[in-house]
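A short write-up of the structure that comes next.
Quantities reported herein were computed from a predicted structural model and do not represent experimental measurements.
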There are 4 protein chains.
Amino acid sequence: MSGLQRGRPRSAHAHQAVLAAAVELLTSGGYQRLTMEAIAAKAGVGKQTVYRWWPSKAAIVAEAVLSGHLAAAASPLAETGDVVTDLRDWLSGQLARLTDPSSTALLRGLTAAAAESDDDAAKLYERFTGPFRQYVVRRLAIGVQQGQLRPDARLDAAADFVIGALIYRTLTHGNLSGQGGVDDLIEVLLAGLGPRPGTTATSPG
Amino acid sequence: MSGLQRGRPRSAHAHQAVLAAAVELLTSGGYQRLTMEAIAAKAGVGKQTVYRWWPSKAAIVAEAVLSGHLAAAASPLAETGDVVTDLRDWLSGQLARLTDPSSTALLRGLTAAAAESDDDAAKLYERFTGPFRQYVVRRLAIGVQQGQLRPDARLDAAADFVIGALIYRTLTHGNLSGQGGVDDLIEVLLAGLGPRPGTTATSPG
Amino acid sequence: MSGLQRGRPRSAHAHQAVLAAAVELLTSGGYQRLTMEAIAAKAGVGKQTVYRWWPSKAAIVAEAVLSGHLAAAASPLAETGDVVTDLRDWLSGQLARLTDPSSTALLRGLTAAAAESDDDAAKLYERFTGPFRQYVVRRLAIGVQQGQLRPDARLDAAADFVIGALIYRTLTHGNLSGQGGVDDLIEVLLAGLGPRPGTTATSPG
Amino acid sequence: MSGLQRGRPRSAHAHQAVLAAAVELLTSGGYQRLTMEAIAAKAGVGKQTVYRWWPSKAAIVAEAVLSGHLAAAASPLAETGDVVTDLRDWLSGQLARLTDPSSTALLRGLTAAAAESDDDAAKLYERFTGPFRQYVVRRLAIGVQQGQLRPDARLDAAADFVIGALIYRTLTHGNLSGQGGVDDLIEVLLAGLGPRPGTTATSPG
DNA sequence: CGGTAAGCGAGACGGTACGTCGTGTCTTTCG
DNA sequence: CGAAAGACACGACGTACCGTCTCGCTTACCG
């Protein structure tokens, strides 16, 4: 066991300050302005301290996402009983959040961080999209339980569709508003998960 | 017209050499190694020449994609008459291509390039995913014509789903093989585009 | 022959600015404050430009000495006809110069620069002490011609004595003033170079 | 009186280890490699312990010199009765020692240490050259007693000459061997200290 | 056909950020 | 309370690229 503590313990304060500084720089100035030197300076920390904790910018961003500093802030999951309504509302909410310039900047930053390091990419995406996926899958599972969706619905595939499309549209079009696309997405998605045609579905009402 | 040509004309050879060098650097060494200096050096070209033609790395990559140097190389579209078979085959083909490490590197590079410049992002994605989208939409449209899909199917939304999920999975999991996920994706997608349950579809034959 | 000029020629202006900046920093703040970054900053020059011209701080200092930016400023050689008077005056003058704090700082800096690099040390000392040595040897040679000094006087050894003692005292005692030591030095030196006892010399008094 | 000892006494072992480590680093790797961290590491000592005892590198080197770790190792003074023979032998011996690369490195290191700190310079030189000066002055004094040298000989000036020239030549030429300069130095020096021409010197034999 | 104008390879320029190293201080635990 | 260990804020190091700017040369058009 390496247990015995030797030397001055690492400063939790410095750790937090770095994460906070990174988030602020990322959301304000984009990934361009997210330099190690700027992070250290804004955090009031030596560069060496930053490197002592994280090996790369991507790792910092990843931890910031994980620790909630860059909260995906999944909007609360309303459960009205109707999977269509719920998902539409939730998707609309996410979309509204992603329309916010700072969120777009954040997503862009995450993308850049992920593109930078093969190793960190999976971790980053997992941490960032995890909450989204969780909610989508959970809500769909409930739908399955209630017979609104077919029992063998591919929930993971559906979640990938939703998240992928969300990210793709955000990065592509920059601004998602005014597309009226949410309904289309929902329709395609849910139709594909609904009870098999020909199957006698128990009416949900 | 400003047309009257003065001075030495721009060298098409230099133009091509730059694109080729960029592609090679991108696929071999990732976006990290794709520096303007490296591009110029490998192309045997002065840096100024590069900047004379393109304002940024992203622009070079965009043009490389456009001009087919970084071919999306959309696999030929087989049309067996059955939209499910066709799409599954096509998706499998794309997936196989994206499984190739150099394609992953390329996609990562494109992502990085897009993340770097807000302006170029849309253009880049459009150019890179354009052929994909084109094929998917066209094939789906044929399906609609043939009555295999509902007439009011949201083809654009479907295409976004497919492309988004494809990119997302590539970036996330790195290696797409062995997921058996294609069938799931197809199933979700096509079920959502199929004839409305309860509607009597006229057989196209 | 490498003759053909390629690329932008090196900027003589930058070259000079660096030397000037180095001298100013050295005389004002000592060798401690003579950092590559400070030199570049004060010269209004990129660090890379400094490194392009010189491999080390010591080399910069060496060239500054050579080019007269850090002039040894050998005081004009009075030739009254009496070697004792001349050397005493000259030595007093040098001593007065070396008493000046900036000269002491300079000498200390040169010493530090020399101590830093085995290769540059000889060059540095040679360039810095060269003018001194030249004058001493020349004046002594005249004394030999005029019969004031023995014909086989070891002028080089004498010059080493003078320069060595000068530097040693400056570095050791910091302040040479008020030592009244010049006369002692002169006496020891010239007695050792005077006509051999027993030889019938024209009596100097 | 502050006398009553509280807490753990300072470790003499640590003290010695630091000095030894400093000497080894200085003679092996030059002043460049003589860093506080390296000293502490090689000595198996905490950095703080080093700083607790010495305020600077120069101080460490100074003490190392003083305590004989960096022995000037003045060669034993032979006294044959003839001041010329004795001084020549002694000077040759010193020269041989200084020709040794490790001695040159040491001298360079001392110079660098001295150049670094105005305050420590005098102390360093005094400690390092003290034994030299002592011997030279003593031997010359004997010469005076025995009538080989003039009674009013400036022994301090002479010692400065000898030491200054020795250091200067070592630093300048790196390698003193093969210069045949010792004899020249001796000749100049002793001639300048010999009995005044015209004075009736008691024959030493 | 000679002048003029732009593009060309080359590479130096002023900068910014990199990741590492050393400094001197501090904060732990252990003896 | 000293000593080891080692983290801390700081600042300089030498390198890599950035995007711009001269150079001398080449290649077109135009008068």
### Query
Is a side-chain N or O of A:E116 found less than 3.5 angstrom from the main chain of B:Q32, in a donor-acceptor match?
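No; judged by distance alone, with no hydrogens or angles, the pair does not exist.
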### Task
Search all heavy atoms of B:A22 against all heavy atoms of B:L34 and return the closest pair with its distance.
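Between these two residues, the closest heavy atoms are O-CD1, 3.4 Å.
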### Task
For DNA chain F, determine which residues of residues 13-22 of chain A have any heavy atom closer than 4.0 angstrom to one of its atoms, and list them numerically.
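Contacting residues: none.
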### Task
Can you sort out which residues in residues 36-45 of chain B have a heavy atom within less than 4.0 Å of DNA chain F? Ascending by number, please.
B:M36, B:E37
### Message
A quick test of your reading: do over 12 heavy atoms of other residues, nucleotides or ligands sit less than 6.0 Å from CZ of C:R10?
### Response
yes
Partner residues of [X] under the side chain to side chain donor-acceptor pair (under 3.5 Å) criterion, sequence neighbours left out:
X     : result
C:Q16 : C:H69
C:S56 : C:D120
D:T35 : none
A:E24 : A:K42

So which protein nitrogen or oxygen atoms get under 3.5 Å of nucleotides 2-5 of chain E's nitrogens or oxygens?
none

### Message
Show every ring-ring contact (aromatic ring centres under 6.0 Å, His included) that has at least one partner inside residues 21-46 of chain D, sequence neighbours left out.
### Response
none
### Task
Measure from the side-chain heavy atoms of B:R10 and tell me the nearest of F:dC13, E:dG7, E:dA17.
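Ranking F:dC13, E:dG7, E:dA17 by closest atom to the B:R10 side chain puts E:dG7 first.
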### Query
C:T49 side chain N/O closer than 4.0 Å to the phosphate oxygens (OP1, OP2) of E:dC13?
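C:T49 to E:dC13 OP1/OP2: side-chain N or O found under 4.0 Å.
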### Message
Pick the closest DNA chain E nucleotide for C:V50 and for B:P9 by heavy atoms, then say which residue is nearer the 5' end.
### Response
B:P9
Roughly, in whole Å, what's the span from [atom1] in [X] to [atom2] in [N]?
X     : N      : atom1 : atom2 : answer
A:R33 : E:dA17 : CZ    : P     : 10 Å
D:Q32 : F:dC13 : CD    : P     : 12 Å
C:Q48 : F:dC21 : CD    : C1'   : 17 Å

### Task
Apply side-chain contact (heavy atoms from CB on, under 4.5 Å) to C:S11 and list each qualifying residue two or more places apart in sequence or on a separate chain.
C:H13, C:A14
### Query
Is any side-chain N or O of C:K47 under 3.5 Å from a base N or O of E:dG15, one able to act as donor and the other as acceptor?
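Side chain to base: no pair present.
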### Message
At a heavy-atom distance below 4.0 Å, what parts of residues 51-60 of chain B sit against DNA chain E?
### Response
B:R52, B:W53
### CE-CG distance between B:M36 and B:L25, expressed to the nearest 0.5 angstrom
12.0 Å
Quiz: residues 47-54 of chain B side-chain donor-acceptor pairs under 3.5 angstrom, not counting sequence neighbours:
residue: B:K47; atom: NZ; partner: B:E37; partner atom: OE2; Å: 2.9
residue: B:W54; atom: NE1; partner: B:E63; partner atom: OE1; Å: 2.7

### Query
Are any non-hydrogen side-chain atoms of C:Y125 and C:T111 less than 4.5 angstrom apart?
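A side-chain contact exists here, since the closest heavy-atom pair is under 4.5 Å.
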#### Entry: side-chain contact (heavy atoms from CB on, under 4.5 Å) partner of D:L19, the single match among D:V65, D:I60, D:V61, D:I39
D:I60
